[in-house]
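The structure appears right after this line, and notes come after that.
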Amino acid sequence: MKTYRLYKAALLGLFSVLGWSASAQQNIPPSTPETYKGVVKKTLAESKEWWPKPQHAPAGSPNIVWILLDDVGFGASATFGGLINTPNFDALANNGLRYTNFHTAGICAPTRSSLLTGRNHHYVHMGNFAHASTAAGFPGYDGRIPEDKGTIAQALRYNGYSTFAVGKWGVTPDEDTTDVGPFDRWPTGKGFDHHFGFLESATDQYHPPHLVEDNFHVKPDGRNLNEQITDKAIAYIDRAYKAAPDKPFFLYYAPAATHAPHQVAKEWSDLYKGKFDKGWDAYREEVFANQKKLGYIPAYAQLPERNERVKAWNSLPADQQKLYARFMEVYAGYLTYIDDQVGRVITHLKKTGQFDNTLVFVMIGDNGASKEGTYSGVIKPSNSALTNTAEQYIKNNEAELEAIGTPEASTNYPLGWAQAANTPFKQWKSDADAEGGTHNPLIVYYPKLIKEKGIRTQYGHVSDIFPTTIEAAGLKLPEYIKGIKQDTLQGKSLFSSFNNAKAASLHTTQYYYIFTSRAIYKDGWKAEAAHRPDNIDLLIYPGLKPATPPDYEKDVWKLYNLNEDFNERVDLAAKYPEKLKELKAAFEAEAWKNHIYPFIDRDDVNSKRIHHLENNN
């Protein structure tokens, strides 16, 4: 060890003599025959040595923090009118920007692939998931992000940044997740210097079975996973700052929360004891009033009718109300807890003097609130709704009420609370046809640039965060990454709206598609088609045998003018058939350009009609 320290000191001294810092030495790019500017002859005397210039971030470049939560609806956090306290998000939003017309892809892996690459999810081959059960051997669905569609981490590393990711990754093919990799689709293969978290779509918060750090599987320490990833984020920041204090960092902070299982210490869930006893109908009405009062939704807005799958709260027996209220107390505590963990990172940056020059993006959800808890919620999967009557299932859950949110349970709340958390929109996660599946809050904080704080209503999509980050930080996109020429970005920068609330929306056309529910947005108009059976049909009725193959032409298209009807209440398809025809044609064009075809629905996945590796030649 002593010999190593002496060697390291000598090496750093040599760097100093040469005028290099340690961080600069790490960022010397390799030369290629095309870029090499030296002279190579037979002898050293005839030759001229040449090194590429070290890559430095421009002076004053900000640190960059992306925070992406999981499965949070638009109406959950108090920051956007909800009833769940999120004081750290409040502070960022109050001193920055609230974007109220921001959109995700509707489900986790598609959203994350679009975010990380600045491109549409099918265009980067993540039309569904990278899981063996859902990936398919087609360009839009194989779950393998191409090398010519580099990530934000690769772009920032090119610009001289340190790069770290903690938490959920979710875009590595299942086949690549073992100890032998390959690792080029792990975070460290996609531009991150370090990663601590999990590669799957979801995991247990206390006993994650496949926890990884960098390219190794590691053992959890028994604490809540989100506390562990926060510790790692702070440690990565500190280590980088100690080694190279002038080198900016990029942190991608993607906690497990609030994806199921909802697991959090009682000290957090008990903060909400009795707070939801009035039920989901009252919650929707109160949150809707808050959102309108605070200006987060238009003054003309009306609350959509309760979804036909959700029972009126007042029609439920008292024992069920008690059970269901506890589900929401746990969920609320879980969200407040994760806000507190984010606060730990912010506080640390303030204490170390790094926060004043930090550009922060907070995406409160990678899709809408989840409907995967079905009608009555889930505590322990062993109490299966598939093998019990509805009455027995509920009674078993009532008997397990105290287990909700504990490490021993695998908790997810009932459908009624998902609808409430999505206020003021209709539908849920994975409904790519509806705003409830794709409309999420966005916060941007950067006081060095943002002088006109407040609400922004420009249309935005998750693919826009990449180009916005590059422009706001004053950086350049690399033309080549690892010697591979990069494809253009599809996202549009939101930067012009930072100090101009009336700036035009630059992102004017966007498709949505998840398991054949689909939509197209164009200049404020939106056409959409649901597809049944969807995942909740198949969860509740596993024996359901839909027509095979499905007739997609029978899917009913609806038309909305979001400029006048932002939460899709008035279907205009019959009134404006030519506009609907125009938008359907636009979807068709986007479908071919982005590799959406062939359509793959939930029944195709459940019936294992895809991922047939034996078909390879």
Side-chain angles (χ1 to χ4, degrees), residues 71-76 81-84 260 262 272-293 297 301-332 335 368-379 383 385 388-401 404 411-431 434-437 439 530 532-537 539-541 558 565 567-571:
D71 286 8
V72 187
F74 189 91
L83 304 185
I84 302 174
H262 304 161
Y272 292 94
K273 278 284 189 180
K275 296 292 179 65
F276 304 112
D277 288 354
K278 293 180 181 178
W280 45 61
D281 293 323
Y283 181 102
R284 292 180 72 220
E285 291 171 0
E286 184 174 348
V287 169
F288 188 76
N290 286 346
Q291 292 169 336
K292 187 177 289 191
K293 178 182 177 181
I297 64 177
Q302 296 183 49
L303 184 65
E305 297 296 321
R306 184 191 318 108
N307 189 280
E308 67 274 8
R309 292 171 167 177
V310 176
K311 293 181 179 180
W313 182 264
N314 289 338
S315 72
L316 300 174
D319 286 347
Q320 282 187 39
Q321 290 182 350
K322 181 181 178 182
L323 170 68
Y324 295 163
R326 184 56 184 163
F327 274 110
M328 190 58 173
E329 291 169 5
V330 166
Y331 178 80
L335 182 55
S370 170
K371 59 186 175 182
E372 292 151 350
T374 67
Y375 293 149
S376 300
V378 177
I379 303 177
N383 176 29
N388 289 304
T389 64
E391 293 77 9
Q392 187 59 50
Y393 177 76
I394 292 171
K395 285 188 178 299
N396 289 347
N397 273 352
E398 289 172 351
E400 295 281 2
L401 184 143
I404 296 174
T411 301
N412 200 353
Y413 58 13
L415 203 56
W417 286 121
Q419 180 181 243
N422 279 336
T423 304
F425 301 113
K426 298 188 295 185
Q427 305 303 101
W428 303 276
K429 169 185 176 179
S430 81
D431 293 326
E435 293 292 294
H439 202 131
R532 304 291 288 271
D534 67 3
N535 67 326
I536 193 169
D537 294 326
L539 282 169
I540 296 171
Y541 308 111
K558 297 180 180 180
D565 179 23
N567 60 347
E568 304 169 317
R569 295 191 68 256
V570 182
D571 179 11

Worksheet item: How many angstroms lie between atom CD1 of Ile404 and atom CE of Met328, to the nearest 0.5 angstrom?
Response: 13.0 Å
Worksheet item: Under the 3.5 angstrom rule, does the side chain of Arg284 hit a backbone N or O of Pro304 as a donor-acceptor pair?
Response: yes
Fill in: Exercise: do Asn290 and Glu286 side chains pair donor with acceptor under 3.5 Å
no
Worksheet item: So how far is it from Leu316 CG to Lys311 NZ, rounded to the nearest 0.5 Å?
Response: 7.0 Å
Worksheet item: Could you go step by step and tell me if Tyr413 and Val330 meet the side-chain contact (heavy atoms from CB on, under 4.5 Å) rule?
Response: CA-CA 9 Å; Tyr413 58 13; Val330 166; over 6 Å; no
Discussion item. Looking at Val378, is its backbone amide N or carbonyl O close enough to the side chain of Asn412 to form a donor-acceptor pair, meaning the two atoms are under 3.5 Å apart?
Written reply: no
Response to the item:
Note: Ala369 and Ala418 closest approach over all heavy atoms is CB-O, 3.5 Å
Discussion item. Under a 3.5 Å distance rule, please check whether Glu398 uses its side chain to pair with a backbone N or O of Leu323 as donor and acceptor.
Written reply: no
Item to complete: For the pair Lys558 and Asp565, find out whether any cationic side-chain nitrogen is under 4.0 Å from an anionic carboxylate oxygen.
Response: no
Worksheet entry | N/O donor-acceptor pair under 3.5 Å between Gln291 side chain and Thr423 backbone | yes
Worksheet item: Is a side-chain donor or acceptor of Glu568 paired with a backbone partner of Glu435 at a separation under 3.5 angstrom?
Response: yes
Discussion item. Ignoring hydrogens and geometry beyond distance, is a side-chain donor-acceptor pair present between Gln427 and Asn307 at under 3.5 Å?
Written reply: yes
Response to the item:
Note: Asn396 and Gln392 closest approach over all heavy atoms is OD1-NE2, 2.7 Å
Fill in: Gln320 CD to Ser315 OG distance, which is reported to the nearest 0.5 Å
8.5 Å
Fill in: Backbone N/O of Gln419 and side chain of Asn422: donor-acceptor pair under 3.5 Å
no
Practice prompt. Work out which heavy atom in Ile84 is nearest to a heavy atom in Ala332; give both atom names and the distance.
Written response: CG2-O, 3.4 Å
Item to complete: Could you check Phe276 against Trp417 for ring-ring contact (aromatic ring centres under 6.0 Å, His included), going step by step and ending with a plain yes or no?
Response: CA-CA 10 Å; Phe276 304 112; Trp417 286 121; 5.8 Å; yes
Worksheet item: Can you check whether Asn383 reaches Glu400 side chain to side chain, under 4.5 Å on heavy atoms?
Response: no
Discussion item. Please check this pair: side chain of Lys292 against backbone of Ala301, looking for a donor-acceptor N/O pair closer than 3.5 Å.
Written reply: yes
Worksheet item: What residues form a ring pair (Phe, Tyr, Trp, His ring centres under 6.0 Å) with Tyr324, not counting sequence neighbours?
Response: Trp280
Worksheet item: Would Asp537 and Arg532 satisfy side-chain contact (heavy atoms from CB on, under 4.5 Å), going step by step from the backbone distance to the final call?
Response: CA-CA 8 Å; Asp537 294 326; Arg532 304 291 288 271; 2.7 Å; yes
Worksheet item: Is the shortest heavy-atom distance from the side chain of Phe327 to the side chain of Ile379 under 4.5 Å?
Response: yes
Worksheet entry | Minimum-distance pair of heavy atoms, taken over all atoms of Val287 and Gly75 | CG1-O, 3.8 Å
Worksheet item: Less than 4.5 Å apart, any side-chain heavy atom of Leu83 and any of Tyr272?
Response: no
Discussion item. Within the 3.5 Å criterion, strictly below it, is a donor on Asp281 or Asn314 matched to an acceptor on the partner's side chain?
Written reply: no
Practice prompt. Using atom types as modelled and distance alone, determine if a side-chain donor or acceptor of Asn567 lies under 3.5 Å from a backbone N or O of Pro424.
Written response: yes
Discussion item. Under the criterion side-chain contact (heavy atoms from CB on, under 4.5 Å), I'd like the reasoning laid out for Glu329 against Lys273: C-alpha separation, chi angles, the key distance, then a yes or no.
Written reply: CA-CA 6 Å; Glu329 291 169 5; Lys273 278 284 189 180; 3.8 Å; yes
Worksheet item: Hey, is NZ on Lys293 packed in by over 12 heavy atoms from elsewhere, all under 6.0 Å?
Response: no
Practice prompt. Return the minimal non-hydrogen interatomic distance between Ile297 and Phe288, and the atom names on each side.
Written response: CD1-CE1, 3.6 Å
Item to complete: Might you point out which heavy atoms bring Lys371 and Ile536 nearest each other, and give the distance in Å?
Response: O-CD1, 4.0 Å
Item to complete: Give a yes or no answer on whether the side chain of Asp431 reaches the backbone of Trp428 with a donor-acceptor pair at less than 3.5 Å.
Response: yes
